[in-house]
Amino acid sequence: MENISGFEVNYHKETQRIYEIKIEDQILEKLLFSFNKFDLTALELKPFSRFTIAKSLDEVAESRLGKLLNNILHDRETGCFTISPKNMSMKLDDSFFVKFSTAIAHLIGNPNHDAMTGKYYARFQVKHEDNSDSYLRKAYKNMDLHTDGTYVNEITDWLLMSKLEEKNAEGGETALLHLDDWEYCDELSKDPVAHEKLIWGSPKSKNINYKVEHAVFSKDKNGKPQISYIDQFPEPKNMSQGNFLQRLSDCLEESKNKVVTKLPVGSSIVANNHFWLHGRKPFKENRSLLRELLRIRGAFN
Ligand SMILES: [Fe+2]
């Protein structure tokens with residue numbers, strides 16, 4: 001992996017599938033200065049300004065960061081990285097991280113409209129209290145392994161998740177699984193039902209008023225399996241589809257090859273959404289639990 005001055009690039013301590021990128025203070029100082037020219041309203045209302053902020057991030061990285069991030073995400077062997085400040089004590093607020101995440105996302109591609117919030121990104125909180133209609137905010141339930149964008153028309157090649165805040169959180173680790181590490185990949189991706197077109201809907205909070213049809217498994221240009229799956233949204237129409245989805249769900253959760261990792265506040269994780277699945281472990285009950293995340297999903301350029 002090539003070196004960019006001010007950026008430390010290593011493998012995740014548990015797996016060589018994930019890169020860990022740490023940004024040194026001198027780069028963060030430059031970013032703080034150049035991000036000051038942008039305000040969030042402009043980023044939300046003027047789409048071109050999001051590419052401008054991405055360019056300013058690339059420029060503090062010898063104009064080589066975009067290439068590095070794209071190489072990682074397109075490489076089937078890895079396809080995932082985390083990126084965070086090396087020194088967490090530096091004063092960086094949530095608006096810095098919204099700008100930073102925006103810049104990263106636009107070095108990779110173009111974000112999809114997030115119908116849950118009506119913006120190109122979504123900020124949302126996970127708390128003790130919840131009466132929502134999906135697993136996203138159910139703190140004490142396991143959020144099973146899944147990919148994003150299963151119920152929308154847009155292509156979802158990648159997803160970015162940034163942790164903006166966390167208080168009184170025990171548990172809630174991120175679980176990740178690379179399709180090529182999954183013990184049951186061959187068996188399930190070759191099942192005839194894996195290639196049947198299923199119907200995918202979504203609950204009210206997602207603000208999507210249509211349903212889509214697609215198979216759970218498809219193949220990439222090299223013939224390797226790709227997955228588009230989440231447990232809550234497919235609508236099986238017969239016993240064989242229902243049984244296939246149950247087996248798929250059981251085999252994913254049973255996998256011994258998941259990477260379970262804790263993301264510090266201020267860090268972002270970006271993954272190729274075609275061959276990485278992600279989920280969340282349950283939190284330990286705490287009335288003052290608070291986590292705030294930002295997500296952006298989109299297509300490659
Ligand atoms: Fe997700």
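Predicted, not measured: the structure shown is a model, and the values here were computed from it. Whatever order the structure lists ligands and atoms in, that order sets their numbers, starting from 1.
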Evaluate His128 against Tyr140 for ring-ring contact (aromatic ring centres under 6.0 Å, His included), listing each step before the verdict. CA-CA 8 Å; His128 175 76; Tyr140 307 126; 5.5 Å; yes
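- Counting only protein N, O or S atoms closer than 2.8 Å to the Fe ion (ligand 1) gives 3.
- Contacts classified as ring-ring contact (aromatic ring centres under 6.0 Å, His included) and involving residues 250-274 (residues at least two apart or in different chains) are not found.
- You'll find the ring centres of Tyr135 and His146 outside the 6.0 Å limit.
- Counting non-hydrogen atoms of other residues, nucleotides and ligands closer than 6.0 Å to NZ of Lys284 gives a total of 12 or fewer.
- When ring centroids are compared, Phe96 and Phe35 come within the 6.0 Å threshold.
- In Glu213, the CD atom is crowded: over 12 heavy atoms of neighbouring residues, nucleotides or ligands sit closer than 6.0 Å.
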